[in-house]
Amino acid sequence: MPYRFNATGECYQKYSELSLYTMSKQDIDFVHQHAIDAYSAQHAGGGMKNITIAFSLIGLYYAVELGYTGKQVQRVHMLLSRRKYNWPSLQLPSKPYSLTVNDVLKEQPGKNRDAMLREWIYDVWQCWEHQHNWVKNISQSLLK
């Protein structure tokens, strides 16, 4: 599975640990969706499908810029999946990421880890700043 995310086995293991944490929360906001989008966007490349990268960035846009919950972002993904669209290859960020999945896991479970997860999704979104206009435009175009 790590090959899909342009990640090492160790990094993917950390993501699996975070997934266990976010899924076990069984929260109504479904914060797990934000973890999926942040990890996918941060590990883009290496043969990842264009649609995966685009959906991750769109999910981050809705979470960070519009304040959507993970459940709401999941709904956006479902609506987008009904659209036929030739997703382009997006230029990867040249800006380095400040935070990783490992930083999230270093925090104590609960409020501290949840806050760090939020910081992580903001950081990943900011590193993709060069694609913000494309994400906003495609979101508005496809989700009229």
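All heavy atoms count here, side chains included; hydrogens, waters and symmetry mates do not.
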Please examine the side chains of D37 and H77, heavy atoms only from C-beta on, and report whether any two atoms are closer than 4.5 Å.
yes

Side chain of Q42, backbone of L99: donor and acceptor closer than 3.5 Å?
yes

Closest approach of S56 to S40 (non-hydrogen atoms, all atoms of both residues)
OG-CB, 2.9 Å

Evaluate the ring planes of Y39 and W120, with Trp represented by its six-membered ring, and classify them as parallel (under 30°), tilted (30 to 60°) or perpendicular (over 60°).
perpendicular

In sequence, state the C-alpha distance, the side-chain angles, and the governing distance for H132 and W125, and then conclude on ring pair (Phe, Tyr, Trp, His ring centres under 6.0 Å).
CA-CA 8 Å; H132 285 187; W125 175 241; 3.7 Å; yes

Check the pair Y122 / L60 against side-chain contact (heavy atoms from CB on, under 4.5 Å), numbers first and verdict last.
CA-CA 8 Å; Y122 277 89; L60 292 174; over 6 Å; no

If we ignore hydrogens and angles and just use 3.5 Å, is the side chain of S141 paired with the main-chain N or O of I138 as donor and acceptor?
no

Membership question, hydrophobic clusters at under 4.5 Å side-chain separation (ILVMFWY): are I36 and V64 in the same one?
yes

Aromatic plane relationship, Y12 with Y15 - under 30° parallel, 30 to 60° tilted, over 60° perpendicular:
tilted

Taking all non-hydrogen atoms of both residues into account, name the closest pair between D123 and S98 and its distance.
OD2-N, 2.9 Å

Contact summary for G45 and I53, nearest pair of heavy atoms:
N-CD1, 4.2 Å

Here the pair of heavy atoms bringing A63 nearest to H34 is CB-CE1, 3.3 Å

On a heavy-atom basis, which atom in L57 and which in A41 lie closest, and how many Å separate them?
CD2-CB, 4.0 Å

Go through the structure and list residues passing side-chain hydrogen bond (donor to acceptor under 3.5 Å, both in side chains) with K71, not counting sequence neighbours.
none

Contacts of D29 meeting side-chain hydrogen bond (donor to acceptor under 3.5 Å, both in side chains) (sequence neighbours excluded), chain-then-number -> none

Enumerate the salt bridge (charged side-chain N to carboxylate O under 4.0 Å, His left out) contacts for residues 125-139, please, sequence neighbours excluded, ordered by first and then second residue.
K95-E129

Any donor-acceptor N or O pair under 3.5 Å, side chains Y21, D114:
yes

Linked, directly or transitively: I58 and L79 (ILVMFWY side chains, under 4.5 Å)
yes

Residue pair R113 / L18: nearest heavy atoms and the distance that separates them
CD-CD1, 4.4 Å

Yes or no on side-chain contact (heavy atoms from CB on, under 4.5 Å) for Q72 and L66, after CA distance, side-chain angles and deciding distance?
CA-CA 11 Å; Q72 291 169 316; L66 303 177; over 6 Å; no

Could you tell me how the ring of W87 sits relative to the ring of W134: parallel (under 30°), tilted (30 to 60°) or perpendicular (over 60°)?
perpendicular

Heavy-atom side-chain contact between T22 and L117 under 4.5 Å
yes

